[in-house]
*Asks:* 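A single structure is presented below for examination.
Convention: sequence-line order gives letters A, B, ...; per-chain numbering from 1. Given the structure is predicted, the values throughout are model-derived calculations rather than measurements.
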Amino acid sequence: MRYRTFTAIGGALALSACTTNGTPDTVASASSGPSATKGEAPYASTYKPYPGAATALVGATVFDGAGQRIDNGTVLFSEGKVVAVGGADLAIPAGYTRVDGTGKYVTPGIIDIHSHLGDYPTPSVEAHSDGNEATSPATPEVWAEHSVWPQDPGFTRALANGGITSLQILPGSANLFGGRTVTLKNVASRTVQGMKFPGAPNGLKMACGENPKRVYGGKGRAPSTRMGNFAVNRQTWFDAKAYDGKKRDLAKETLKGVLDGEILVHNHCYRADEMALVLDMAKEMGYKVTAFHHAVESYKIGDLLRESDVCSAIWADWYGFKMESYDGIPENGALLYQAGACVVIHSDDENGIQRLNQEAAKAQAAGKRAGIAIADAEVIRWITLNAAKAMGIDDQTGSLAPGKMADVVLWNANPLSVYARPEKVWVDGALLFDANDPKRRPVSDFELGQPGEGDVK
Amino acid sequence: MIRTTLLATAAAFAFGALAAPATAQDIAITNATVATGDGSAPMEGATVVIRGGKVVAAGRGVAVPAGTRTIDGAGKWVTPGIFMPVTDLGLADVEGVGDSNDTRAARSRFSAALDASTAVNYASQHIAVSRAGGVTRASIVTAPGGAIFAGQGAVIDTGADRNAVVASRAFQMVTLGEAAARIAGGSRVAAYAELANALREAGEFAAGRWQGDGNLLTRADAEALAPVVTGAQPLYVHVERAADIRAVLSLPRRYPKLKLVLLGVSEGWIVADDIAAAGVPVIADPLDNLPASFEQLGATHSNVGRMVQAGVKVALGGLSGGITGPRIAPQFAGNLVALSQVPGATGLTWGQAFASISSIPAEISGFGGRFGVLSAGAAGDLVVWDGDPLEVSSAPVQVFIDGIEQPLDSHQTRLRDRYRDLDEGTLPKAYDW
């Protein structure tokens with residue numbers, strides 16, 4: 001979250017849900033927690049794709065999300081799925097609606113791996129502050145989905161301005177174990193179940209460093225140091241390993257799910273040295289870290305991250321706002337890419353999520369100036385397929401491949417340009433945003449009857 | 001080997017800049033795309049001449065005086081330096097590290113008397129990074145703490161020398177609306193009472209009728225507010241809600257000499273005609289479009305465009321030093337240009353957008369014609385860019401302040417160079433510098 005001088009009355013440390021307070025969490029869908037109830041998962045997804053026409057997007061430059069660029073491309077989708085992607089010569093079956101994309105660009109739906117929408121919705125009032133269960137350093141028992149307010153107007157802005165079609169909501173970073181994450185489709189719904197991404201794996205949000213030790217040290221209890229962080233972490237893992245499942249223990253069910261490989265670890269961790277310690281802890285306990293989030297120092301250990309097959313979810317250029325961000329550099333993503341490690345651009349911010357494309361472009365440009373040229377189509381992968389991979393949904397979305405969800409954005413210019421905006425956004429083949437159709441944009445319950453209702457915003 | 005040479009060069013430049021203050025050079029940049037910052041469209045194939053630290057001329061067909069160092073600007077853009085108003089640049093090294101952070105003083109016994117110019121760190125990394133991003137001037141101010149008055153702002157430059165402050169006590173800042181209500185005791189009504197009382201006591205001070213007894217302001221605060229009441233110093237008012245904006249615009253009826261500038265103004269578009277009629281300029285955060293608070297329900301990306309269309313003078317501002325900082329001002333301005341292609345939205349032209357981060361903030365800050373514009377007599381603050389400055393892929397390649405070429409290196413560039421490869425060779429990375 002950008003620190004706004006105008007409104008920074010609350011003090012610098014109030015500046016961000018996640019960078020200072022936050023934490024993680026959620027998910028749960030078809031396959032729910034381990035040792036939890038066998039059979040049907042609780043709070044199951046009730047998301048159903050909305051109807052859409054069979055559509056042929058023609059004439060645009062296509063970035064398929066998997067690194068491929070097709071000039072004058074054709075993208076076919078029908079019944080919610082991508083049917084085919086090819087060049088101008090790709091035959092368009094009968095019954096398809098043609099959408100002329102000449103001069104425009106097509107990407108898969110943009111995916112934000114790190115959001116607090118719904119858990120820290122706007123208006124950002126205390127009554128809405130549901131992202132950190134900051135009552136104990138280890139709260140793996142909480143699920144972010146139980147805090148999500150589906151009426152958060154931030155979802156609509158992310159769709160209309162950022163082309164966001166899927167996003168992971170995490171608990172904040174006050175806790176070492178923040179709880180479970182939830183992955184959502186960015187489709188307005190009356191209930192969070194109605195937004196839950198079908199079949200997305202659960203995630204566990206963990207946090208390194210300054211935040212847990214500040215929050216709990218400030219309360220005069222452990223952890224108050226980084227060594228305290230690790231002591232609490234390790235004891236919590238050992239206790240979980242000894243869990244026999246006879247009596248339901250929600251915290252240990254989550255941890256067991258990680259140890260069984262069913263729940264993905266998303267670990268807020270800025271510093272390279274701490275990431276290395278976490279990787280050793282994961283080895284010690286027998287789990288895998290899927291992604292480090294806010295990994296501003298990843299560039300120092302690109303080799304280690306490549307070898308460990310861990311993604312780094314990063315901002316383009318945030319730095320210097322807290323001690324553990326002091327070595328942030330804009331070339332982080334490019335240096336990671338050069339090292340062969342997985343790069344994801346994330347927002348952690350209700351404004352930044354509207355411009356993930358621009359953030360990716362800044363990371364690309366910083367690399368170019370440092371002599372690391374990265375093709376546009378590769379950079380788009382950082383906000384599509386790589387994010388999907390780290391969220392465990394890459395078999396369903398993240399690239400324009402036959403059989404995948406028809407999550408598609410038509411941009412009015414190259415999305416890596418500041419001058420680009422989404423013109424149309426389809427989710428599962430349903431046209432849910434159209435810049436040319438004022439009624440084809442969602443308005444949350446909260447905004448009805450308020451100043452600017454239905455405005456372009 | 002090449003890497004070593006690059007590093008050595010960069011280091012030498014950095015030390016050189018610190019050791020011996022550079023002097024202004026006479027320079028001409030020719031055949032570039034030039035944007036003068038005054039709201040006009042960029043001109044291709046233009047020339048900018050600076051001499052004695054000042055701009056001599058900018059435009060097509062400008063003659064280059066004989067003997068002037070000439071830089072070929074082919075493929076480059078040249079603009080005035082960016083002017084970022086109302087930031088905390090130079091007031092914190094790390095916002096989250098309290099000891100390094102001078103942006104607020106919630107427990108101070110003073111408020112309006114606080115003077116941001118007394119704390120500016122010219123060697124701050126945030127200043128270095130902003131400079132490398134093309135920001136050459138800024139107005140800075142502390143945030144309100146224990147009182148609705150935040151204190152007196154300063155105008156600074158980002159030059160790599162020991163003199164950052166251009167003008168101290170350039171304006172006073174007060175907050176109204178929700179934040180002020182919180183500070184003043186719980187409501188806007190209380191905040192207004194604080195304001196009215198402070199202006200009354202300051203008026204008495206200005207008139208030489210200050211009584212020590214029975215006043216709520218400290219003497220220092222009353223003294224600091226006296227020039228606000230007399231109109232000698234502008235009063236920047238942070239306000240968001242349309243109703244609150246109208247209330248602020250009515251203040252001059254009671255305090256006729258107030259020189260107002262509005263800050264924030266998320267709902268300015270709703271009362272844009274009132275603001276225009278009052279002739280009060282605005283400094284807005286252009287990308288707020290969420291109902292972050294109940295006083296920002298109408299926030300929209302079109303706010304700035306709609307106000308400009310109504311005739312309001314609008315600068316972009318409010319970006320602090322930490323997290324991203326003033327250097328992303330061009331990205332913000334670029335987004336307003338992009339908006340002009342969105343049906344139903346109101347954006348800015350390229351020229352208007354660039355003016356909103358150069359000449360207009362300079363004018364609002366009292367430096368019209370001197371900063372933020374490439375016109376004869378203006379300071380030789382210019383930036384040579386490798387492309388369209390509002391585009392996220394572009395960056396400055398050279399920055400001049402008062403005609404002096406500036407170093408563009410920082411803690412960040414040194415880290416980048418150290419970790420360009422991960423080879424530890426025969427010694428640890430700590431020996432690579």
*Asks:* Top residue by heavy-atom pair count (under 4.5 Å) with chain B, among A/Gly452, A/Pro123, A/Ala365, A/Ser417?
*Replies:*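 Answer, by heavy-atom pair count under 4.5 Å with chain B: A/Pro123.
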*Asks:* If the threshold is 4.0 Å, N to carboxylate O, is there a salt bridge linking A/Lys439 and A/Asp437?
*Replies:*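 No, this pair does not count.
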*Asks:* Using non-hydrogen atoms and a 4.5 Å limit, figure out which bit of B/His411 sits close to chain A: side chain, backbone, both or neither.
*Replies:*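 Only the side chain of B/His411 comes within 4.5 Å of chain A.
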*Asks:* Checking A/Ile372 against chain B: side chain, backbone, both or neither under 4.5 Å from a heavy atom?
*Replies:*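 A/Ile372 has no heavy atom closer than 4.5 Å to chain B.
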*Asks:* Using non-hydrogen atoms only, which part of A/Glu447 is less than 4.5 Å away from chain B: side chain, backbone, both, or neither?
*Replies:*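 For A/Glu447, the contact with chain B is made by the side chain alone.
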*Asks:* Considering only heavy atoms, which portion of A/Asp303 lies under 4.5 Å from any heavy atom of chain B: side chain, backbone, both, or neither?
*Replies:*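 Both backbone and side chain.
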*Asks:* Side chains of A/Gln151 and A/Asp445: any donor to acceptor distance under 3.5 Å?
*Replies:*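 Yes, side-chain donor-acceptor contact under 3.5 Å.
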*Asks:* Given side chains that start at C-beta, do those of B/Leu176 and B/Asp244 come closer than 4.5 Å, heavy atoms only?
*Replies:*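 They are not in contact (no side-chain heavy atoms under 4.5 Å apart), so the answer is no.
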*Asks:* In terms of heavy-atom proximity below 4.5 Å to chain A, should B/Leu336 be classed as side chain, backbone, both, or neither?
*Replies:*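 For B/Leu336, there is no contact with chain A at all, as no heavy atom is under 4.5 Å.
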*Asks:* Does B/Arg416 pair with A/Asp327 as a salt bridge, N-O distance under 4.0 Å?
*Replies:*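 Salt bridge flag = no for A/Asp327 with B/Arg416.
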*Asks:* Please rank A/Pro153, A/Pro121, A/Ala413, A/Ala361 by heavy-atom pairs under 4.5 Å with chain B and give me the top one.
*Replies:*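 Greatest number of close heavy-atom pairs with chain B: A/Pro153.
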*Asks:* Measure A/Asn412 against the heavy atoms of chain B and call it side chain, backbone, both or neither at under 4.5 Å.
*Replies:*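 Just its side chain gets close to chain B.
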*Asks:* When heavy-atom pairs shorter than 4.5 Å are enumerated against chain A, which of B/Leu339, B/Asp386, B/Val392 gives the highest number?
*Replies:*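 The answer is B/Val392.
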*Asks:* Any side-chain heavy atom of A/Val443 within less than 4.5 Å of one from A/Thr156?
*Replies:*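 SC-SC contact between A/Val443 and A/Thr156 ruled out.
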*Asks:* Using heavy-atom distances under 4.5 Å, tell me whether A/Glu453 contacts chain B through its side chain, its backbone, both, or neither.
*Replies:*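 Nothing of A/Glu453, per the 4.5 Å heavy-atom cut-off to chain B.
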*Asks:* For the residue pair B/Trp350 and B/Asp388, confirm or rule out a side-chain donor-acceptor distance under 3.5 Å.
*Replies:*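 A donor-acceptor contact under 3.5 Å links the two side chains.
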*Asks:* Flag the one option from A/Gln358, A/Met323, A/Gln450 with the top tally of heavy-atom pairs under 4.5 Å to chain B.
*Replies:*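 Highest number of heavy-atom pairs under 4.5 Å: A/Gln358.
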*Asks:* Heavy-atom distance under 4.5 Å to chain A: side chain of B/Asp93, backbone, both or neither?
*Replies:*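 Only the backbone of B/Asp93 comes within 4.5 Å of chain A.
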*Asks:* If you measure only the distance, is there a donor-acceptor pair under 3.5 Å linking the side chains of A/Asn161 and A/Lys457?
*Replies:*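 Side-chain D/A pair, A/Asn161 to A/Lys457: absent.
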*Asks:* So which part of B/Ser410 gets closer than 4.5 Å to some heavy atom of chain A, the side chain, the backbone, both or neither?
*Replies:*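 When you check distances to chain A, no heavy atom of B/Ser410 falls under 4.5 Å.
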*Asks:* With only heavy atoms counted, which part of B/Leu297 is less than 4.5 Å from chain A, the side chain, the backbone, both or neither?
*Replies:*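 For B/Leu297, heavy atoms of backbone and side chain both lie under 4.5 Å from chain A.
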*Asks:* Pick whichever of B/Glu267, B/Gln331, B/Gln341 has the most heavy-atom pairs under 4.5 Å with chain A.
*Replies:*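 That would be B/Gln331.
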*Asks:* Stepwise, does the side chain to side chain donor-acceptor pair (under 3.5 Å) test hold for A/Ser347 with A/Asp349?
*Replies:* CA-CA 5 Å; A/Ser347 80; A/Asp349 181 68; over 6 Å; no
*Asks:* Verify the distance criterion only: is there a donor paired with an acceptor across the side chains of A/Gln354 and B/Asn289 at less than 3.5 Å?
*Replies:*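 Looking only at side-chain atoms, B/Asn289 and A/Gln354 do form a donor-acceptor pair, the distance falling under 3.5 Å.
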*Asks:* Do the side chains of A/Ser444 and A/Asp152 get nearer than 4.5 Å, heavy atoms only?
*Replies:*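 When only atoms from C-beta onward are counted, A/Ser444 and A/Asp152 do not touch, as no gap falls below 4.5 Å.
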*Asks:* Select, from B/Pro291, B/Ser302, B/Ser393, the one with the greatest count of heavy-atom pairs under 4.5 Å involving chain A.
*Replies:*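 Winner by heavy-atom pair count: B/Pro291.
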*Asks:* Side chain, backbone, both or neither: which part of B/Ala299 has an atom under 4.5 Å from a heavy atom of chain A?
*Replies:*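 Backbone of B/Ala299 only, per the 4.5 Å heavy-atom cut-off to chain A.
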*Asks:* With chain B, which of A/His128, A/Arg157, A/Lys362 has the greatest number of heavy-atom pairs at distances under 4.5 Å?
*Replies:*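 When all of A/His128, A/Arg157, A/Lys362 are compared, A/Arg157 has the most.
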*Asks:* Under a 4.5 Å heavy-atom cut-off, does chain A meet the side chain of B/Glu178, its backbone, both or neither?
*Replies:*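 Neither part.
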*Asks:* Is the distance between the ring centroids of A/Tyr319 and B/His126 under 6.0 Å?
*Replies:*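 Here the rings of A/Tyr319 and B/His126 have centres that are less than 6.0 Å from each other.
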*Asks:* Consider only side-chain N and O atoms of B/Asn335 and B/His301, and report whether a donor and an acceptor are under 3.5 Å apart.
*Replies:*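 Checked: B/Asn335/B/His301 side chains show no N/O donor-acceptor pair below 3.5 Å.
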